[in-house]
Amino acid sequence: DAKTTQPPSMDCAEGRAANLPCNHSTISGNEYVYWYRQIHSQGPQYIIHGLKNNETNEMASLIITEDRKSSTLILPHATLRDTAVYYCIVRAPASGNTPLVFGKGTRLSVIA
Amino acid sequence: EAQVTQNPRYLITVTGKKLTVTCSQNMNHEYMSWYRQDPGLGLRQIYYSMNVEVTDKGDVPEGYKVSRKEKRNFPLILESPSPNQTSLYFCASSFRPWGELFFGEGSRLTVL
């Protein structure tokens, strides 16, 4: 699975959009981009995933560049409860036993 | 409610005293996995199971055992715990290894 690079930390004002970048320049054609987050020491929570088209769900939007070498997770109206570590993971379906590899992620602090 | 349940949530034990951390999911998932999380090391996979009676080692299996006798349960067994197994443990499940992973709330284990 391709490696990802994320900034270690970011701040966002409450009510504003939080844009979390992820670089995955070595991504291959069949690899998806997944985002998870972990609030404090709770279990990680799935947010969204995509292949090449932009995706949106009730939690967030995922924007993947046309060359697929980077992506951005957007939380449209960040709240204090969105303060968490956000993990960007690249993985191919049917890669069998290879577990999801959680890197260091981005620590997002939402500030009142 | 779809969930992954771990017990106990907190445990303090002594070196050498066998313990079991239970994990149960109610989503009929085939794939289940155990992770441990340590400061600076992120989430590391201990063991996983692709289906009933099928288990395999992850990245850090030493000192642990698992079993998968039923689809819903995947207990983690520490036959002779040692202080270096002090950690935060997460169980996770999904329909497929590459699918959306559902995590339990975590079990914080301290071995004295």
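Both backbone and side-chain heavy atoms feed into the values below; hydrogens, waters and symmetry mates do not.
- Under a hydrophobic clustering in which Ile, Leu, Val, Met, Phe, Trp and Tyr are joined whenever their side-chain heavy atoms come within less than 4.5 Å, directly or via other members, A:I74 and A:Y32 fall into different clusters.
- Atom CZ of B:R9 has more than 12 neighbouring heavy atoms from other residues, nucleotides or ligands inside a 6.0 Å radius.
- One distance of note links CD of B:E100 with OH of A:Y36; it measures 6.0 Å at 0.5 Å rounding.
- From A:Y46, atom OH reaches atom CZ of B:F103 across 13.0 Å, with rounding to the nearest 0.5 Å.
- Pairing each heavy atom of B:L43 with each of A:P44, the nearest pair is CD1-CG, 3.7 Å.
- Applying a 4.5 Å heavy-atom cutoff, the residues of residues 34-41 of chain B that approach chain A are B:Y35, B:Q37, B:G40.
- No more than 12 heavy-atom neighbours from other residues, nucleotides or ligands sit within 6.0 angstrom of CD1 on B:I12.
- Distance CG/B:L101 to OH/A:Y34: 9.0 Å, rounded to 0.5 Å.
- A:L73 and A:I64 fall within a single hydrophobic cluster, where Ile, Leu, Val, Met, Phe, Trp and Tyr side chains are chained together by heavy-atom contacts under 4.5 Å.
- Taking CD of A:Q42 as the start and CZ of B:F90 as the end, the distance is 8.5 Å to the nearest 0.5 Å.
- For B:K71, the NZ atom sits in a packed shell: over 12 heavy atoms of surrounding residues, nucleotides or ligands are nearer than 6.0 Å.
- Looking at B:R44, there are no atoms closer than 4.5 Å to chain A (heavy atoms on both sides), in backbone or side chain.
- In the hydrophobic cluster analysis, where Ile, Leu, Val, Met, Phe, Trp and Tyr join through side-chain heavy atoms closer than 4.5 angstrom, B:L78 is grouped together with B:F74.
- B:L88 and B:Y10 are members of different hydrophobic clusters when ILVMFWY side chains are connected at heavy-atom separations under 4.5 Å.
- Following chains of ILVMFWY side-chain contacts shorter than 4.5 Å, one can reach A:V90 starting from A:I48, so the two form part of one hydrophobic cluster.
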